[in-house]
Protein chains: 2
Amino acid sequence: MSEGAREAAVETIQRELTAFARRARATAARLHPELPLVSYTLLAHIHDRAGCSATDLAAHYLLDKSTVSRQLASLEKLGLVERRPDPDDHRVQVVHPTEEGRRVLASTQASRHAAYEERLRDWSAEDLARFAAYLVRYNAAVTPGPPETPRR
Amino acid sequence: MSEGAREAAVETIQRELTAFARRARATAARLHPELPLVSYTLLAHIHDRAGCSATDLAAHYLLDKSTVSRQLASLEKLGLVERRPDPDDHRVQVVHPTEEGRRVLASTQASRHAAYEERLRDWSAEDLARFAAYLVRYNAAVTPGPPETPRR
DNA sequence: CGGTTTCGGTTGTATAGTACAACGGTTTGT
DNA sequence: ACAAACCGTTGTACTATACAACCGAAACCG
């Protein structure tokens with residue numbers, strides 16, 4: 001394979017990933033109008049980590065703490081998360097999903113999953129596995145790294 | 001390969017693409033603070049297609065035409081694109097980059113390309129080609145379809 | 001033709017998401 | 001005990017976005 005081909009592949013990856021990112025918001029809005037993409041991702045992260053601080057979220061998604069603060073206020077208002085002061089450190093608000101939050105998250109994830117299944121219907125299991133592996137490998141190179149709350 | 005493996009691959013694809021989309025804005029802001037992601041993608045598409053209409057852009061990026069209209073007004077104000085009425089159809093504004101627009105786009109693309117090269121440095125040419133092909137295939141299933149300006 | 005419909009685009013209005021800066025309360029380190 | 005670092009909120013401003021109402025041009029149809 002020529003050097004030019006390598007260049008071309010990088011160009012294509014850049015173009016396609018950018019196009020995807022650009023459309024993600026609109027796609028998410030169609031998939032689940034009731035839970036915007038941002039709220040969805042934050043809620044999903046909170047759920048995955050079974051309780052975390054606002055600062056964790058800000059670091060993970062490269063957001064300002066004020067943004068996270070407002071997003072959490074909004075999620076709380078919707079009754080999807082609870083914030084409770086950490087008994088060990090009164091500065092920290094430990095956030096975790098409510099029952100309703102878990103329910104909404106599950107339903108949203110189901111509709112997203114169905115949409116992905118639909119789009120990937122014609123793919124062979126082998127192609128899916130390879131594509132997934134490539135994405136994991138790609139994101140691993142970009143993601144801030146492992147620390148992510150040194151769990152005191 | 002089991003059915004469960006297929007499921008797992010779809011889950012992974014969904015999770016990784018979502019994470020990517022969620023960080024794309026911040027990443028783009030770091031890569032080229034001077035040209036926001038949205039402007040960048042619109043300008044790149046205008047350049048690739050060597051002149052296109054606002055409606056083309058709206059369809060390609062799933063944006064409302066009003067959004068595109070304002071984005072183009074902003075790009076025009078920055079002197080990066082020109083809009084000229086199509087002589088064959090007075091409703092259409094044909095948009096294309098100015099000399100300055102091409103220059104800025106080239107510089108932005110260079111910095112983005114360098115960042116991508118860096119991240120993909122360890123990949124073999126074969127893996128890059130396969131990953132690129134998967135992304136193209138994936139996006140093709142989502143994109144509104146081939147017409148994309150049926151060129152009258 | 002002539003009227004209606006469709007189409008491309010702009011503008012008014014409203015909302016979400018975001019950043020930055022200033023601040024208040026809490027903990028930590030010296 | 002005082003200063004520094006830290007967590008989070010709030011004030012402010014801006015960008016991106018959608019939806020709806022509209023204008024003018026073209027296409028369609030009877």
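Chain letters run A, B, ... following the sequence lines, proteins first and then strands; every chain starts at 1. Bear in mind that the values here come from a model prediction, so they are computed numbers and not experimental data.
- With sequence neighbours excluded, the residues satisfying salt bridge (Lys or Arg N to Asp or Glu O under 4.0 Å) with B:Asp127 are A:Arg137, B:Arg130.
- In this structure, CG of B:Leu63 is placed 14 Å from P of C:dT10, rounded to the nearest angstrom.
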Do nucleotides 7-15 of chain D as a string where each nucleotide becomes B, S or -: B if the base has a protein heavy atom under 4.0 Å, S if just the sugar-phosphate does, - if no protein is that close.
-> SBBBBB---

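- The ring-ring contact (aromatic ring centres under 6.0 Å, His included) check on B:Tyr116 picks up nothing, with sequence neighbours excluded.
- Look at CZ on B:Arg22: it is 12 Å from C1' on C:dA16, rounded to the nearest Å.
- Within the structure, salt bridge (Lys or Arg N to Asp or Glu O under 4.0 Å) contacts touching residues 100-117 of chain A (residues at least two apart or in different chains) are A:Glu99-A:Arg102, A:Glu100-A:Arg103.
- With sequence neighbours left out, the ring-ring contact (aromatic ring centres under 6.0 Å, His included) criterion links B:His32 to B:Tyr40.
- One interatomic measurement links the two molecules: CZ of B:Arg23 to P of C:dT18, which rounds to 13 Å at whole-angstrom precision.
- Atom CD of A:Glu34 is separated from atom P of C:dT15 by 19 Å (rounded to the nearest Å).
- Between A:Ser39 and A:His90, it is A:Ser39 whose nearest contact on DNA chain C lies nearer the 5' terminus.
- If you measure from atom CG of A:Leu35 to atom P of C:dA16, you get 13 Å, rounded to the nearest angstrom.
- The side chain of B:Arg30 contributes no N or O atom lying less than 4.0 Å from OP1 or OP2 of C:dA19.
- With rounding to whole Å, B:Lys77 atom NZ is found 15 Å from C:dT10 atom P.
- Protein atom CG of B:Leu57 is 13 Å distant from nucleotide atom C1' of C:dG8, rounded to whole Å.
- Hydrophobic cluster membership differs between A:Tyr61 and A:Leu135, with clusters built from Ile, Leu, Val, Met, Phe, Trp and Tyr side chains linked at under 4.5 angstrom.
- D:dA18 atom P lies 13 Å from atom CG of A:Leu37, rounded to whole Å.
- Listed by chain and number, the residues in a salt bridge (Lys or Arg N to Asp or Glu O under 4.0 Å) with B:Arg91 are B:Asp89 (sequence neighbours excluded).
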